[in-house]
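Since we're looking at a predicted model, the values are computed, not measured. Naming: A, B, ... by sequence-line order, numbering from 1 per chain.
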There are 2 protein chains.
Amino acid sequence: MSNSNFKILLVDDEPDIVEFLGYNLKKEGYTILTANNGKDAIEIAKKEIPHLIVLDVMMPDMDGIETCRELREQKNLQEVLIAFLTARSEDYTQIAGFEVGADDYITKPIKPRVFISRVKALLRRLQANNISESVIEFGNIRIDKEKHVVYKGELEIALPKKEFKLFSLLSSKPGKVFTREFILDQVWGDEVVVGDRTIDVHIRKLREKIGDDYFKTVKGVGYKFEF
Amino acid sequence: MSNSNFKILLVDDEPDIVEFLGYNLKKEGYTILTANNGKDAIEIAKKEIPHLIVLDVMMPDMDGIETCRELREQKNLQEVLIAFLTARSEDYTQIAGFEVGADDYITKPIKPRVFISRVKALLRRLQANNISESVIEFGNIRIDKEKHVVYKGELEIALPKKEFKLFSLLSSKPGKVFTREFILDQVWGDEVVVGDRTIDVHIRKLREKIGDDYFKTVKGVGYKFEF
DNA sequence: TTATAATTTAATAATTAGTTAACTTTGGGG
DNA sequence: CCCCAAAGTTAACTAATTATTAAATTATAA
């Protein structure tokens, strides 16, 4: 997933700050949404489900803490990352902020490079939990779901549909054993009925193309990808 | 998962800070590990796989950034949360820190309540993403059902299906004696009929692979797992 | 359409897990 | 302290599962 697939909602009552932050994040390729108060922020968040919400703590009417609390009450927004902005060392808001479900706390004055680093670090966690990443790397193996291609070091390996799907599944959780049943469900689908050996054959192809060592058999249980 | 199931590794060359942080986190019920330098930290982390590592940036020999980089190279430690500790506003280390895979950045001087809030916020994410389920630990034995693997310290032990099932059963209640009859029921199933020695042989395999001392015979009754 | 690639199947081989059997050792009650 | 039922040990055997291959089918693109 390139940066531009990440949506960030910036919320501050001072338009200057919103613009300043937005400018810097846009340069990094993020998609930016903005709001100038808590109410609008909640509206936009519900509609757009951003990946990250940056909330100023001090805002008129509805402050950041309260906004955060209401955001977290939304079922669709419980996984969303929320970072607070505040003036230095207001400890009580920090504690309140984390209590209310914040993921990070950024103190003003904001330095662009530091700010961007923090944003990246936050979003990296989303990637790590790998909701919908299109390029995943394991050691020298790189899987590009968009291009439907696997790289082993420099070598580009084209995989046919089923093989790619199977590989994607296995690599979605390295080390985890996937049962044959589950694999059939995910790769072939519920209704399709194929023999058991079909999986073996596909595994064999992957072993041939990617490398034997990456695919382990757990006899009687299933297969797993390891790197 | 109660707090006490979260393991936190504190790394700082100043013992006072380690103790101070450890004291505060222990009060919250976390399990605390400590190290005074990067090398030890890596050793301990590899063995214990903590949930969170708090790393001082400034340390002699191997600094926090380098330690973090090496930690992240370990396959088992890529999901672990890492937070840096540093003196205020050393921007360049913040950027380097996040680049190298940090999840948070905490500035000294550390205020206990704020620190605890941050730790809670970090671990909240783990819970949400539910990474540490399906792994049970006993001393230095770790059973990962998802991966279908048992770890003894750093050593990875692959067990065949029946052995794994038997071990899972015995370890489901350490210290409890399971009768042969019950074991047969659970591991082999109601209808299957196997000879008496079959259990012994499987126990023997476990003793071979995991260690003699973990499996005790209660003559005339059954077997139990102890650690 | 035709050629090419992808997928599935089926037959067979290879491998590993699980079981048994024969024998030895152990430990608690008489 | 001896006996014997229970548990331990081994290795051979069997069953179950997976690997391999080639051929048959199906989908795809030129």
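Note on B:Arg207: a side-chain N or O is less than 4.0 Å away from OP1 or OP2 of D:dG8. For C:dA6, neither phosphate oxygen OP1 nor OP2 lies less than 4.0 angstrom from any side-chain nitrogen or oxygen of A:His202.
Of all nucleotides listed (C:dT7, D:dT18, D:dG8), D:dT18 comes nearest to the side chain of A:Thr217. Of the candidates C:dG18, D:dA19, D:dT10, the closest approach to any side-chain atom of B:Trp188 belongs to C:dG18.
Inter-residue side-chain proximity for A:Tyr30 and A:Leu52 is flagged as unmet; no heavy-atom pair is nearer than 4.5 Å.
Rounding to whole angstrom units, CD1 of residue B:Ile199 and C1' of D:dT9 are separated by 16 Å. For the pair B:Leu159 CG and C:dT16 C1', the computed distance is 14 Å after rounding to whole Å. For A:Ile183 and C:dT8, the CD1 to P distance is 14 Å, given to the nearest whole Å. Atom pair A:Glu208:CD and C:dA5:C1' shows a separation of 15 Å (rounding to whole Å applied). To the nearest angstrom, P of C:dA6 lies 15 Å from CG of A:Leu166. A straight line from CG of B:Leu206 to C1' of D:dA7 spans 16 Å, rounded to a whole angstrom. Rounded to whole Å, atom P of D:dA7 lies 7 Å from atom CZ of B:Arg197. One interatomic measurement links the two molecules: NZ of B:Lys205 to P of D:dG8, which rounds to 14 Å at whole-angstrom precision.
For C:dT16, its base sits under 3.5 Å from the side chain of A:Lys219 at one donor and acceptor pair at least.
When ring centroids are compared, B:Phe178 and B:Tyr223 stay outside the 6.0 Å threshold. Aromatic rings of B:Phe84 and B:Phe98 (six-membered ring for Trp) have centroids beyond the 6.0 Å cut-off, not under it. The distance between the ring centers of B:Tyr214 and B:Phe138 does not fall below 6.0 angstrom.
Side chain of A:Arg125 to backbone of B:Leu81: no donor-acceptor contact under 3.5 angstrom is found.
Within 4.0 Å of B:Tyr223, counting heavy atoms only, lie sugar-phosphate atoms of the nucleic acid but no base atom. Across all strands shown, B:Lys165 has no heavy atoms under 4.0 Å from either base or sugar-phosphate atoms. At a threshold of 4.0 angstrom between heavy atoms, the contacts of A:Thr198 include nucleobase atoms, whether or not backbone atoms are also involved.
Taking the nucleotide of DNA chain D with the nearest heavy atom to each of A:Asp200 and B:Arg180, the more 5' of the two is matched to B:Arg180.
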